[in-house]
Colleague: 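This is the structure, below, for whatever I ask next.
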Amino acid sequence: MILAFQSDLAGRIRQTVAEAFGVTLDEILVQTTPKLDLGDMALPLAFDLAKKVGRKPRDIAQELAPRLGNIDGIDHAEVAGGGFINLFLDRSAFTASVSSFILSPPAKVLRDGRVIVEHTSINPNKAAHIGHVRNSILGDTFVRLLQARGHEVLTQNYIDDTGVQVADVIVGFEQLEKKSLADIQAIPDRLDYYCWDLYARVFEWYGGDKERKALQVGTLHAIEKHEGPTAELGAYVAARIVRAHIATMARLDIGYDLLVRESDILQQHFWARAFELLKEKKAIEFEEEGKAKGCWVLRMDEAEGGGEENKIIVRSNGTVTYTGKDIAYQLWKLGKLGLDFRYRRHEDSTTARPLWSSTGDHVDEGAPPFGAGASLVFNVIDVGQSYPQRVVKAGVEALAGREAAEGTRHLGYEKVVLSKATARELGYEVDEDAGAVKVSGRRGLGVKADDLLDALEAKASNEIATRDPERSLADRTKAAHDIAVGALRYFMLRFSRNRIITFDMEEALAFTGETGPYIQNSVVRARSILAKVASEGHDVEALLKRAHERSLLDPWLATAEGGSAWSLFLAMARTDEAIETAVRTEEPSVMTRHAFQIAQAFHGYYQNPAHSVVRAESEDLRAVRVLVVQLFVRHTTDIAGLLGIPIPDRM
RNA sequence: GCGCCCGUAGCUCAAUGGAUAGAGCGUUGCCCUCCGAAGGCAAAGGCUACUGGUUCGAGCCCAGUCGGGCGCACCA
């Protein structure tokens with residue numbers, strides 16, 4: 001709501017400045033004040049103007065303030081500090097705007113151009129762990145934020161079903177366990193957990209043994225060929241573990257539109273086409289000599305970052321590297337490859353959210369235009385992959401131009417490591433000097449996503465049981481799930497992307513302080529206030545209507561109570577700005593902080609016994625208090641939705 | 001060696017170049033005859049790693065130093 005207000009305001013300020021000083025400012029910065037009693041918004045424009053006009057900032061501010069105070073929607077303006085102009089809004093008019101914006105939100109304006117977000121992309125050879133959870137929560141939340149900004153988003157999950165990691169567990173099944181397809185099919189539930197341990201055992205078994213390690217390469221080739229018993233094992237294990245990953249992420253309310261399988265990229269010969277294009281455009285060169293003799297390389301010298309060596313795309317034996325395949329895949333995402341997959345409905349597809357998969361056979365009709373390409377593509381991948389991602393971008397630029405490269409975005413994030421305490425709890429040996437313990441799939445070292453969720457749900461369930469022993473088991477289970485999801489999603493989002501998260505079980509299990517449950521609780525409490533008011537015979541709708549009368553709002557906003565509510569109104573008004581910032585800076589943590597700030601403002605307001613709705617001293621007061629509570633409930637429920645945080649019926 | 005990221009309160013983290021650097025946790029006090037305390041109020045806690053520079057203004061930008069992490073494969 002505040003974006004429109006501020007852009008309108010900026011126009012009027014520009015006009016006022018032009019009239020007063022004959023200078024046209026192109027950008028009008030509207031900032032927040034350090035404290036609300038200094039004003040609602042701050043303008044530092046006198047500092048810029050001082051240079052252009054050749055006068056002192058403070059004098060300019062003094063001259064400008066009375067004029068700005070006359071602008072519609074502004075109550076008055078004051079000069080502060082060395083030349084800040086602080087604006088005090090017409091609070092009742094603004095409150096009325098916020099209110100109508102929240103209670104009857106305007107239709108979303110759709111933006112042109114499709115956006116693709118790829119996230120999750122876990123190797124289908126073992127259970128998902130906390131690192132994957134960070135990836136998926138980050139990606140899923142970013143999708144929600146993009147949609148809130150009016151973008152059409154297709155969410156994709158890349159399945160490397162023909163990679164070495166799958167080959168490794170197949171080596172385990174064939175060599176260590178001597179299991180047939182039927183044997184593996186007979187493994188009851190949690191094949192992903194089974195493979196977690198098997199994968200670690202295979203690495204131990206490889207040791208330094210070259211013959212054993214050779215089995216990995218042989219198995220990989222067998223899987224890539226897509227025929228024979230080994231390939232069959234690989235396909236079965238990968239497909240089953242993908243289903244497990246989808247189920248794990250569904251617990252966190254994370255879903256996808258399309259699964260892209262590496263095996264289909266091979267089968268559709270994406271790389272062959274990309275290779276043709278790259279050669280045609282001379283984007284890659286054949287090396288006649290040097291250490292990359294006999295290879296096709298991509299020049300990286302003039303690309304940003306500089307100083308990097310040329311990247312080998314095709315090896316001297318004629319095979320393509322992973323990065324080469326990734327360039328082909330990225331070109332497809334951008335609609336620049338000229339090839340497309342075939343599609344089928346995935347077996348986990350629901351009517352609520354249709355899930356599609358690339359396929360080599362039995363094509364289903366009605367797939368969305370996945371192959372039409374997107375103008376913006378976000379790849380959610382950890383920062384360790386920054387270099388190959390830069391290579392992909394350089395490849396895209398050489399082949400499809402600057403615009404396509406600009407649309408290729410690496411949404412990178414740092415890894416999740418384990419605190420020493422948590423690593424110890426899990427039974428791992430911990431080096432005393434180490435600050436934290438790295439997760440290692442090869443050593444089976446890490447916290448599985450489902451185990452973490454189970455622990456969170458169990459703890460939440462216990463909390464409920466102690467606070468409210470009367471609750472039914474079904475109620476408790478449902479609420480415990482919501483609280484667990486809220487806690488985990490908030491925890492994974494509150495850190496900046498480039499910050500390593502030291503995962504500590506105790507910290508992640510916290511339900512107090514700056515957490516998801518704090519926000520959930522605030523809404524639940526607010527709703528129960530409204531329920532109580534209604535149950536005592538008050539007409540909530542009528543009270544809301546009454547609250548909008550200006551003669552009522554105006555004096556109330558000037559009271560101490562109104563001031564407390566005002567900080568909440570202003571914070572809620574800034575939500576569109578927060579979403580815009582989160583998307584522009586590609587930093588979802590902006591949103592968690594914003595949500596927390598709003599919840600905190602509400603807590604500060606409602607906990608005061610003098611602000612009781614039920615025991616309001618007059619119907620007028622009851623009316624404005626109902627308004628505060630209602631606006632908060634509606635708005636914060638929406639914000640929680642953007643973060644994927646569910647609001648339980650009761651805590 | 002080259003490149004990227006990080007260094008802010010005891011701990012975990014914030015702070016579009018703006019005003020007196022903020023939260024949460026932890027610590028110490030208060031507050032449930034008050035719409036559920038997963039809450040609120042208050043206190044203590046800081047030479048923003050260091051040295052220079054740019055700027056009306058620097059935690060933020062630039063140069064350098066010191067610490068920590070990660071990349072720089074004919075692996076994926």
Side-chain angles (χ1 to χ4, degrees), chain A residues 29 31-35 38 42 44 47-48 50-51 56-57 80-84 86 123 160 163-165 220 262 291-297 300 305-309 311-323 325-326 382-388 390 412 414-415 417 419 435-436 438 460 463-464 467-468 483 487 494-496 498-502 504 506-507 510-515 517-518 520-522 524-526 528-533 535-536 577 581 584-585 589-590 593 596-597 600 603-616 625 629 650-651:
Chain A
L29 224 53
Q31 300 178 323
T32 54
T33 54
K35 270 182 180 176
L38 285 172
F47 297 109
D48 295 328
K51 268 179 242 151
K56 287 181 183 164
F84 285 98
N86 291 337
N123 274 302
D160 189 4
V164 281
Q165 294 216 19
L220 182 59
E262 164 81 9
K291 50 181 181 175
K293 185 179 176 187
C295 300
W296 288 86
V297 303
M300 287 299 289
E308 270 155 338
E309 279 190 46
K311 172 71 187 165
I312 291 166
I313 302 297
V314 179
R315 304 180 186 105
S316 54
N317 68 5
T319 57
V320 60
T321 60
Y322 173 83
T323 309
K325 283 188 268 187
D326 219 18
D382 75 277
V383 289
Q385 304 289 320
S386 295
Y387 172 67
R390 268 205 307 281
E414 267 292 359
K415 57 188 172 299
V417 299
S419 73
K438 272 188 241 174
E463 290 281 333
I464 295 166
R467 286 160 209 264
D468 185 7
I483 292 166
R494 51 179 274 238
F495 306 95
S496 311
N498 60 5
R499 183 70 71 169
I500 294 171
I501 295 181
T502 302
D504 183 79
E506 204 179 323
E507 197 188 334
F511 295 156
T512 58
E514 195 194 329
T515 64
Y518 178 92
Q520 294 172 314
N521 182 55
S522 65
V524 169
R525 294 281 294 105
S528 85
I529 290 171
L530 292 176
K532 181 128 192 184
V533 171
S535 79
E536 298 207 345
E577 186 182 50
T581 305
R584 179 170 42 80
T585 63
S589 62
V590 168
R593 271 197 304 280
F596 180 69
Q597 199 204 328
Q600 217 176 18
H603 266 123
Y605 173 82
Y606 97 89
Q607 63 77 38
N608 189 338
H611 301 165
S612 172
V613 183
V614 173
R615 278 176 303 278
R625 288 173 187 172
V629 178
R650 300 183 65 197
M651 289 298 279

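In what follows, chains carry the letters A, B, and so on, assigned in the order in which the sequence lines appear, proteins first and then strands, with residues in each chain numbered from 1. The figures that follow rest on heavy atoms only: side chains count, while hydrogens, waters and symmetry mates do not. Worth saying up front: this structure is predicted, and the values here are computed from it rather than measured.
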Colleague: Keeping the roles fixed (side chain from A/Ser316, backbone from A/Cys295), state whether a donor-acceptor pair exists under 3.5 Å.
Modeller: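 Not a single qualifying donor-acceptor pair exists.
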Colleague: Quantified in whole Å, what is the P atom distance between nucleotide B/A49 and nucleotide B/C34?
Modeller: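 Between the two P atoms, the distance is 49 Å.
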Colleague: Measure the distance from CE on A/Met300 to P on B/C74 and round it to the nearest whole Å.
Modeller: 13 Å
Colleague: Show your reasoning for whether side-chain contact (heavy atoms from CB on, under 4.5 Å) applies to A/Glu536 and A/Val614.
Modeller: CA-CA 8 Å; A/Glu536 298 207 345; A/Val614 173; 3.1 Å; yes
Colleague: For the atom pair NE2 (A/His611) and CD1 (A/Ile529), what is the distance rounded to the nearest 0.5 Å?
Modeller: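 A/His611 NE2 to A/Ile529 CD1: 12.0 Å, rounded to 0.5 Å.
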Colleague: Using the C1' atoms only, state how far B/C50 lies from B/A43, rounded to an integer number of Å.
Modeller: 32 Å
Colleague: Kindly give the heavy-atom pair with the smallest separation between A/Phe84 and A/Pro44, and that separation in Å.
Modeller: CE2-CB, 4.0 Å
Colleague: Quick one about A/Thr319 and A/Asn317 (side-chain donor to acceptor, distance below 3.5 Å, no hydrogens or angles considered), yes or no?
Modeller: yes
Colleague: Going by purine N1 to pyrimidine N3 plus the second Watson-Crick contact, or the G-U wobble pair, all under 3.5 Å, which nucleotide sits opposite B/C35?
Modeller: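 Because no pair has both required distances under 3.5 Å, B/C35 counts as unpaired.
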Colleague: Does A/Asp504 reach the main-chain N or O of A/Ser419 with its side chain, forming a donor-acceptor pair under 3.5 Å?
Modeller: no
Colleague: When you check the glycosidic angle of B/C50, does it come out syn, meaning within 90° of 0, or anti?
Modeller: anti
Colleague: For B/C50, which nucleotide is its Watson-Crick or G-U wobble mate, given both distances must be under 3.5 Å?
Modeller: B/G64
Colleague: List in chain and number order the residues that pass side-chain hydrogen bond (donor to acceptor under 3.5 Å, both in side chains) with A/Arg494, two or more places apart in sequence or in another chain; answer none if no residue qualifies.
Modeller: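 In terms of side-chain hydrogen bond (donor to acceptor under 3.5 Å, both in side chains), with neighbours along the sequence ignored, A/Arg494 is linked to no residue.
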Colleague: Roughly how many Å apart are B/C72 and B/U12, using the C1' atom of each and rounding to a whole number?
Modeller: 31 Å
Colleague: Given that both distances must come in under 3.5 Å, which nucleotide forms a Watson-Crick or G-U wobble pair with B/G17?
Modeller: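 WC or wobble partner does not exist here.
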Colleague: At what distance, to the nearest 0.5 angstrom, does CG of A/Asp382 lie from NZ of A/Lys415?
Modeller: 8.5 Å
Colleague: Is the side chain of A/Ser528 donor-acceptor paired with the backbone N or O of A/Arg525 at a distance under 3.5 Å, no angle test?
Modeller: yes
Colleague: Tell me what A/Ala610 touches on the nucleic acid: a base, only sugar-phosphate, or nothing, going by heavy atoms under 4.0 Å.
Modeller: nothing
Colleague: Roughly how many Å apart are B/C47 and B/A9, using the P atom of each and rounding to a whole number?
Modeller: 8 Å
Colleague: Between B/C72 atom C1' and A/Lys291 atom NZ, what is the distance in whole Å?
Modeller: 10 Å
Colleague: Both distances below 3.5 Å, Watson-Crick or wobble geometry, any strand: find the nucleotide opposite B/U55.
Modeller: none
Colleague: Applying a 4.0 Å non-hydrogen cut-off, can you work out what A/Lys415 is touching in the nucleic acid: base, sugar-phosphate, or nothing?
Modeller: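 Sugar-phosphate contact only - A/Lys415 comes under 4.0 Å of backbone atoms but never of a base.
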Colleague: Look through every strand shown and name the nucleotide pairing with B/G24 as Watson-Crick or G-U wobble, where both distances are under 3.5 Å.
Modeller: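 Here B/G24 is engaged in a pair, and the nucleotide opposite it is B/C11.
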Colleague: Separation of A/Ile313 atom CD1 from B/C74 atom P, in whole Å?
Modeller: 11 Å
Colleague: Would you kindly give the CZ-to-P distance between A/Arg390 and B/G3, to the nearest whole Å?
Modeller: 12 Å
Colleague: Would you measure the distance from the C1' atom in B/G67 across to the matching atom in B/A37 and give it in whole Å?
Modeller: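 Those two atoms are separated by 44 Å.
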Colleague: Heavy atoms under 4.0 Å, any strand shown: does A/Asp382 hit a base, just sugar-phosphate, or nothing?
Modeller: nothing
Colleague: If you find the nucleotide of RNA chain B closest to A/Val164 and the one closest to A/Phe596, which residue's nucleotide is nearer the 5' end?
Modeller: A/Phe596
Colleague: In whole angstrom, give me the gap between the P atoms of B/U28 and B/U16.
Modeller: 34 Å
Colleague: Between B/G39 and B/G57, how far apart are the two C1' atoms, rounded to whole Å?
Modeller: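 Approximately 40 Å lies between the C1' atom of B/G39 and that of B/G57.
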Colleague: Output all residues satisfying ring pair (Phe, Tyr, Trp, His ring centres under 6.0 Å) with A/His603, sequence neighbours left out; order by chain, then residue number.
Modeller: A/Tyr518, A/Tyr606
Colleague: Return the set of residues passing side-chain contact (heavy atoms from CB on, under 4.5 Å) with A/Glu414 (not counting sequence neighbours), or none when no residue passes.
Modeller: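 Result, side-chain contact (heavy atoms from CB on, under 4.5 Å) vs A/Glu414: A/Arg134, A/Val383, A/Ile500.
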Colleague: Has A/Lys438 got a side-chain N or O lying under 4.0 Å from the OP1 or OP2 atom of B/C70?
Modeller: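 True: A/Lys438 side-chain N/O within range (under 4.0 Å) of B/C70 OP1/OP2.
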Colleague: What is the pairing partner of B/G1, taking Watson-Crick or G-U wobble pairs with both distances under 3.5 Å in any strand?
Modeller: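 Answer to the pairing question: B/C72, which forms a Watson-Crick or G-U pair with B/G1.
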Colleague: So if I define the base as every atom that isn't primed, P, OP1 or OP2, how would nucleotides 5-17 of chain B read as a B/S/- string at a heavy-atom cutoff under 4.0 Å?
Modeller: SSS----SSSSB-
Colleague: How many angstroms lie between CZ in A/Arg593 and CD in A/Gln600, if you round to the nearest 0.5 Å?
Modeller: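 Reported value, rounded in 0.5 Å steps: 13.0 Å.
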Colleague: Roughly how many Å is it from CD in A/Gln385 to P in B/A76, rounded to a whole number?
Modeller: 12 Å
Colleague: If you look at every strand shown and take non-hydrogen atoms under 4.0 Å, does A/Pro34 touch a base, only sugar-phosphate, or nothing?
Modeller: base
Colleague: Looking only at the side chain of A/Tyr387 (C-beta and beyond, no hydrogens), which of the listed nucleotides B/G71, B/A23, B/A19 gets closest?
Modeller: B/G71
Colleague: Side chain of A/Ser386, base of B/C4: donor and acceptor closer than 3.5 Å?
Modeller: no
Colleague: Looking at A/Arg625 and A/Ser612, what are the two nearest heavy atoms and their distance?
Modeller: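 Of all heavy-atom pairs spanning A/Arg625 and A/Ser612, the closest is NH1-O, 2.8 Å.
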Colleague: When the P atoms of B/G22 and B/G45 are considered, how many whole Å apart are they?
Modeller: 14 Å
Colleague: Could you please spell out the steps behind the side-chain contact (heavy atoms from CB on, under 4.5 Å) verdict for A/Glu463 and A/Ile483?
Modeller: CA-CA 11 Å; A/Glu463 290 281 333; A/Ile483 292 166; over 6 Å; no
Colleague: Tell me, for nucleotides 32-48 of chain B in 5' to 3' order, what letter each nucleotide earns: B for a base near a protein heavy atom under 4.0 Å, S for only sugar-phosphate near one, - for neither?
Modeller: --BBBSBSS--------
Colleague: I'd like a table of atom pairs between the protein and nucleotides 28-30 of chain B - only N or O on both sides, under 3.5 Å - with the distance next to each one.
Modeller:
none

